[in-house]
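Worksheet: the structure to be examined is printed underneath.
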Amino acid sequence: MSERIRRVFALALAAAALTAAAARAVADGDDLEAAVRNIVDEERERWGTPGMTVAVIRNGRLAFVLASGFADREAGTPMALDTQVPAASISKLFTAVLVMRQVEAGRLRLDDPANRTIDERYWIRDASGRPVDATLRQLLSHHAGLPVSWSGIVRKGDPVPTLEQHLAAGQ
């Protein structure tokens, strides 16, 4: 198992531990925010994660947010609620959950072309710029024929392209 996969798995386990411990804290009448902060700090250090932010949703509402650790450990810069971190592959999970909620509600269908549901400016296109008929099912399962590797799209020192620039280039 790669180190990256091991860390993602570890964070998922930490999230499960956090949920269980927070539930116990609420049942015992403890301060939920203090209990969550203690657990986040312990798990973050245990798994070697430099810094993280956590949002706690309770009864469908944002209960609180907190930052733990360092945005830059070497410089001693603490993590803050507005520290920007790369979303990386975790955004795939959130996207899939949100899409599946829309499917369950009957607003989207997995086997319809995705381009039918989005503004033409954001259509999925091949490298030549032609629209493709990739379905939501294909996109969610990584079988839509899109590039396997994103390496080379942004060279070191180049500005990061906007979503619009990626899409306009068929990426």
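- Put simply, the side chain of Asn115 never gets that close to the backbone of Trp123: no donor and acceptor are under 3.5 Å apart.
- Once rounded to the nearest 0.5 Å, the distance linking CE of Met100 with CG of Leu108 reads 10.0 Å.
- Taking each heavy atom of Leu136 and Ala114 in turn, the nearest pair found is CD2-CB, 4.0 Å.
- Taken to the nearest 0.5 Å, the CG atom of Asp31 stands 6.5 Å off from the CD atom of Glu33.
- Judged by distance alone, the side chain of Ser141 and the main-chain N or O of Arg137 form a donor-acceptor pair under 3.5 Å.
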- Task: Apply the test salt bridge (charged side-chain N to carboxylate O under 4.0 Å, His left out) to residues Arg101 and Glu104: give CA-CA distance (whole Å), side-chain angles for both, the deciding distance (0.1 Å), then the verdict.
- Result: CA-CA 5 Å; Arg101 283 184 167 183; Glu104 288 175 347; over 6 Å; no

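- Put simply, Val54 and Leu32 are part of the same group of oily side chains (I, L, V, M, F, W, Y) that touch within less than 4.5 Å, one to the next.
- You'll find the side chain of Val56 stays beyond 4.5 Å of the side chain of Leu62, heavy atoms only.
- In summary, the side chains of Ser68 and Arg44 do present a donor paired with an acceptor at a separation below 3.5 Å, with no hydrogens or angles considered.
- For the side-chain contact (heavy atoms from CB on, under 4.5 Å) criterion with Arg37, the lone passing option out of Ile39, Val40, Asp41 is Asp41.
- Shown here is Asn38, whose CG atom has more than 12 heavy atoms of other residues, nucleotides or ligands within 6.0 Å.
- In terms of heavy atoms, Arg73 sits closest to Gly48 at NH2-O, 3.6 Å.
- Atom CE in Met79 sits 10.0 Å away from atom CG in Asp82 (nearest 0.5 Å).
- Note that CG of Leu140 is 6.5 Å distant from CG of Leu110, once rounded to the nearest 0.5 Å.
- In terms of heavy atoms, Arg125 sits closest to Val132 at C-CG1, 4.2 Å.
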Dump the intermediate steps for salt bridge (charged side-chain N to carboxylate O under 4.0 Å, His left out) on Arg121 and Asp119, then the final yes or no. CA-CA 5 Å; Arg121 293 175 295 167; Asp119 186 291; 3.1 Å; yes

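- Between Leu66 and Val36, the closest side-chain pair of non-hydrogen atoms falls below 4.5 Å.
- Heavy-atom minimum distance, Pro78 versus Thr83: O-OG1, 4.4 Å.
- The structure places CZ of Phe64 at 10.0 Å from CD1 of Ile57, a figure rounded to the nearest 0.5 Å.
- Judged by distance alone, the side chain of Gln138 and the main-chain N or O of Thr135 form a donor-acceptor pair under 3.5 Å.
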Show your working on side-chain contact (heavy atoms from CB on, under 4.5 Å) between Ile124 and Asp133 and close with a plain yes or no. CA-CA 8 Å; Ile124 302 159; Asp133 287 332; over 6 Å; no

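- A distance of 7.5 Å separates CG of Leu98 from CD of Gln102, quoted to the nearest 0.5 Å.
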